[in-house]
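Heads up, the thing below is written out as structure tokens.
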Amino acid sequence: MGGKDHQPIQAPEEEWIQAVRKKLLDWYDRNQRDLPWRESKDPYRVWVSEIMLQQTRVDTVIPYYERFMSLFPTPGALAAAKEDDVIKAWEGLGYYSRARNLHTAVKEVVETYDGVVPDDPATVSRLKGVGPYTTGAILSIAYNRPIPAVDGNVFRVLSRWFALWDDVTRTSARRKFEELDRLLIPQDRPGDFNQALMELGALICTPVSPACADCPVQEECQAYRDGIQAELPVKTKSKPPVPVRMTFGWIRKGPQVLLQRRPSEGLLGRMWGLPTVETLPEELVPGGTLRDHWAGHGLKLELGPVVGELDHVFSHRRWLITLVQGLCLAEENLPADCAWVEEKELEHYALPNVYRKAVRMALDPPQSSHGFQQGRLF
DNA sequence: AACCCGTGGTA
DNA sequence: TTACCAAGGGT
């Protein structure tokens, strides 16, 4: 179309830029939140916080960050840790490949860069799990380098300030917003400026009903002048998660419960969980056998009653889960990806929340579950 | 470019 | 209940 959504950035007047910088930084100095990762500018601490904050709320991250930093206070400590311990510290945060990539990248920093996070954007951006945003965040906050860090907040704030109609979900938008950020970012306080943009987006320039009355740069906001705050930023709607029927097994052998490691690729890859099959619950009637579903695993299982149902939504998939009890009748050889675990030992395994919820349900079954048969057979 | 990868809060 | 979304990155 060639509408104004693809117009090149028109550089603002230098005087205007100076004024906006001062207003935003003054506001940030007075209103920034007291967050644990702001206690120092240690590049490692900044790095860990930025990885945890990817697609994750500040309030959710805080307790994880505190725990993670006391477990792994330095790059050396994290590099020396076992992967299972790192994943355990990440348990419940989601997007578990973030933890594995961070672990891999920190080991590389320890081995290749003597434990010092490189002060160079090209080198940092090559580390696993560090993309364009995180590169800019680490370099600007920890090393005072004037490099853009465009996240969802910055997309929102800048699209409103300058009334930009670019679809921010498209790759081309990132380059444009980074160029704009580059024009605005001050040489003396680049890290504070980037954080101020994000803080403004988090506290004032919110996605829904922004607090324009309290905004330090209201006078400079084109969207506010035009009354179009609610229309920006433009984002392509994401597809709803695809529903999938799943069955979890709560399989007992005496005091033990069966756990299974998930396949290395795909959703919850390599995480521990209850034995899981993608199947219709009708095939798993009480008294039936699960042997067909775990054929070749050397286990002979008999199904018990349905414990209950769970509805768990991931970013692109939705599991409609039936939790069934089972009994191990015979075991020839335990599959390599399976383990018998005492109930009290379950807490030592890193289980994604969907499995934690199922374990909770198995240990404390609902009294009524949509008319399903209930009670513990075994 | 399109799709994949978790979870919890909120309207 | 659905829909959106929160300091994104990998493939």
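Quantities reported herein were computed from a predicted structural model and do not represent experimental measurements. Residue numbering restarts at 1 for every chain, and letters A, B, ... go by the order of the sequence lines.
Listed candidates were B/dG6, B/dG8, B/dA1. Nearest to the side chain of A/T171 is B/dA1.
The ring-ring contact (aromatic ring centres under 6.0 Å, His included) search around A/Y95 returns none, not counting sequence neighbours.
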With side-chain hydrogen bond (donor to acceptor under 3.5 Å, both in side chains) as the test, would you mind laying out the steps for A/N153 and A/R156 before giving the verdict?
CA-CA 5 Å; A/N153 289 306; A/R156 188 168 58 254; 2.7 Å; yes
Validation: residues 75-85 of chain A side-chain donor-acceptor distances under 3.5 Å, sequence neighbours left out:
unit_1: A/E83; atom_1: OE2; unit_2: A/R100; atom_2: NE; d: 2.8

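Atom CG of A/L268 and atom C1' of B/dG6 are 7 Å apart (whole Å). For the pair A/D167 CG and B/dA1 P, the computed distance is 11 Å after rounding to whole Å. Rounded to a whole Å, the CE atom of A/M52 is 16 Å from the P atom of C/dG9. Between A/R317 atom CZ and B/dG6 atom P there is a gap of 12 Å when expressed in whole angstrom units.
You'll find the ring centres of A/H312 and A/F314 inside the 6.0 Å limit. Aromatic ring centroids of A/W37 and A/F68 lie 6.0 Å or more apart.
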What does the B/S/- profile of nucleotides 1-8 of chain C look like, 5' to 3', with a 4.0 Å heavy-atom cutoff to protein?
-S-SBBBB
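B/dA11 and C/dA7 are spaced 16 Å apart, taking the P atom of each and rounding to whole Å. Taking the C1' atoms as reference points, C/dA6 lies 15 Å from B/dC5, given to the whole Å.
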